[in-house]
Amino acid sequence: MITSEPSSSTPVRRRQRRLARAAAASVVLASAGLAAPASADVPEGWSNPDDVDMLYALLLLAGVPLLLFVVIVGLTYLPALVRGEKLMPGSADDQWFGGPRQGAKEIEAGAHADETGGARGSW
């Protein structure tokens with residue numbers, strides 16, 4: 001006869017399941033409680049505005065961000081287009097921003113590094 005002893009992780013798993021259920025139930029109750037005021041009527045002293053036209057809402061909520069996107073892209077690429085630069089992917093040469101204009105000084109194999117910097121360089 002083979003018997004197995006209950007592992008010590010079983011009570012931990014049960015506790016985790018109970019906590020997960022309690023958390024899920026509290027989230028549902030809290031969201032229902034927070035959504036209740038949304039179904040209230042407009043107070044008596046407040047105005048009740050007219051409904052917004054769907055076309056106006058689409059223009060405002062989608063057109064303005066799209067227009068802003070187009071303006072930012074234009075301001076980004078327009079200077080390069082005016083200078084005549086190519087904007088196709090892969091057409092740019094490698095660039096070292098902030099590096100020396102004449103190119104990096106490279107040390108030939110076996111040469112002494114008097115004029116170069118580095119960890120043991122002399123300035």
Side-chain angles (χ1 to χ4, degrees):
M1 182 162 137
I2 300 174
T3 61
S4 64
E5 294 181 30
S7 67
S8 63
S9 66
T10 303
V12 173
R13 288 183 186 157
R14 287 183 190 154
R15 191 177 316 132
Q16 288 175 344
R17 276 190 237 130
R18 271 189 256 137
L19 284 173
R21 287 181 193 144
S26 63
V27 166
V28 169
L29 290 174
S31 61
L34 290 174
S39 63
D41 289 333
V42 177
E44 290 180 21
W46 291 10
S47 66
N48 195 0
D50 296 331
D51 290 339
V52 177
D53 183 36
M54 182 61 85
L55 181 62
Y56 177 75
L58 284 175
L59 284 175
L60 185 65
L61 298 175
V64 171
L66 185 64
L67 180 67
L68 186 62
F69 174 76
V70 169
V71 167
I72 290 172
V73 167
L75 290 174
T76 303
Y77 284 114
L78 191 63
L81 289 173
V82 169
R83 288 190 300 259
E85 296 178 8
K86 295 180 183 177
L87 300 176
M88 298 301 295
S91 64
D93 296 328
D94 291 334
Q95 296 181 7
W96 181 6
F97 295 109
R101 301 228 183 252
Q102 307 301 329
K105 294 183 182 179
E106 297 179 1
I107 303 173
E108 296 179 16
H112 187 36
D114 286 336
E115 296 182 18
T116 59
R120 297 179 189 233
S122 57
W123 303 93

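Counting begins at 1 with the first residue of the sequence.
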Cluster question for you: counting only ILVMFWY and a side-chain heavy-atom cut-off of under 4.5 Å, with indirect links fine, are L61 and L58 together? no
Co-members of the apolar cluster containing L59 [side chain, <4.5 Å]: L55
Is V82 isolated, or which residues cluster with it under the ILVMFWY side-chain rule of less than 4.5 Å, directly or via members? L78
Where do [X] and [Y] come nearest, in terms of heavy atoms and distance?
| X | Y | answer |
| --- | --- | --- |
| P65 | L60 | CD-O, 3.9 Å |
| S47 | P49 | O-CD, 3.4 Å |
| G74 | P79 | O-CD, 4.4 Å |

Who are the side-chain hydrogen bond (donor to acceptor under 3.5 Å, both in side chains) partners of R21, not counting sequence neighbours? none
Please enumerate all residues that pass side chain to side chain contact (heavy atoms under 4.5 Å, CB included) together with [X], with sequence neighbours excluded.
| X | result |
| --- | --- |
| V73 | F69, Y77 |
| L66 | none |
| L29 | none |

Drop me the distance from T76's OG1 to I72's CD1, to the nearest 0.5 angstrom. 7.0 Å
